[in-house]
Amino acid sequence: MDGSNIRTLNDYMNAIIIAFKIPKNIFTNTNSIDAYNDWIRDLTWIDQYDGYILIIENFEQMMSSYPKEKGIIMDEFRETIYPFWQDEVLHTVVDGKAKGFFVLLID
């Protein structure tokens with residue numbers, strides 16, 4: 001994803017929809033961190049992969065006018081998304097398996 005094109009939370013959510021090929025009309029509340037967390041911890045439509053990599057180029061420019069919201073997104077990776085894919089998926093999803101989930105931030 002190109003962070004220079006992501007100015008708002010809504011822009012970020014729409015970029016995630018494209019990056020993870022989230023099916024149309026599933027993730028419609030692009031202003032909700034809770035909805036985002038639900039779908040980024042699902043990804044059943046691309047389940048064939050052993051892990052996921054999200055690359056954000058121009059990260060410094062991403063949401064530069066909204067540092068609080070940008071910080072919340074990064075916190076969600078550390079507090080919610082990484083732990084889910086590392087371990088929680090084993091206990092909460094039928095036949096769930098741990099997968100790597102990596103975020104590469106490039107300025």
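In I72, the CD1 atom is crowded: over 12 heavy atoms of neighbouring residues, nucleotides or ligands sit closer than 6.0 Å.
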Mind listing the side-chain donor-acceptor pairs of residues 17-28 below 3.5 Å, one per line with the distance, residues two or more places apart or on another chain?
none

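Contact annotation: the side chain of I40 never approaches that of Y52 to less than 4.5 Å [non-hydrogen atoms, C-beta and beyond]. Under the 4.5 Å side-chain criterion, counting only non-hydrogen atoms from C-beta, I33 is in contact with L9. The shortest side-chain heavy-atom distance between I6 and M63 falls under the 4.5 Å cut-off. Side chains of W85 and F102 form no contact here, defined as non-hydrogen atoms less than 4.5 Å apart.
Linking Ile, Leu, Val, Met, Phe, Trp and Tyr residues whenever their side-chain heavy atoms come within less than 4.5 Å places M62 and L105 in a single cluster. A single hydrophobic cluster is seen to contain both Y49 and W39, as judged by linkage of ILVMFWY side chains at heavy-atom distances under 4.5 Å, directly or through other members. A single hydrophobic cluster is seen to contain both V89 and W45, as judged by linkage of ILVMFWY side chains at heavy-atom distances under 4.5 Å, directly or through other members. By the rule that hydrophobic residues join a cluster once side-chain heavy atoms approach within less than 4.5 Å of another member, F59 and I53 end up as members of separate clusters.
Put simply, CG on N29 and CE on M13 are 8.0 Å apart, with the number rounded to the nearest 0.5 Å. Of the inter-residue distances, the one linking D2 atom CG with Q61 atom CD reads 7.5 Å to the nearest 0.5 angstrom. For the atom pair N10 CG and T30 OG1, the distance stands at 3.5 Å (nearest 0.5 Å).
Residue pairs satisfying the salt bridge (charged side-chain N to carboxylate O under 4.0 Å, His left out) criterion with at least one member in residues 39-49, sequence neighbours excluded, are listed as follows: D38-R41, D47-K99. Identified under the salt bridge (charged side-chain N to carboxylate O under 4.0 Å, His left out) test for residues 56-73, with sequence neighbours left out: none.
Residues passing the side-chain contact (heavy atoms from CB on, under 4.5 Å) test with F77, sequence neighbours excluded: Y12, Y36, L54, I73, M74, I81, Y82, F101, V103. In this structure, S64 has no side-chain hydrogen bond (donor to acceptor under 3.5 Å, both in side chains) partners at least two apart in sequence or on a different chain. Taking E79 as the reference, D75 meet the side-chain contact (heavy atoms from CB on, under 4.5 Å) condition, with sequence neighbours excluded. Qualifying side-chain contact (heavy atoms from CB on, under 4.5 Å) partners for D34, counting only residues two or more places apart in sequence or in other chains: S32.
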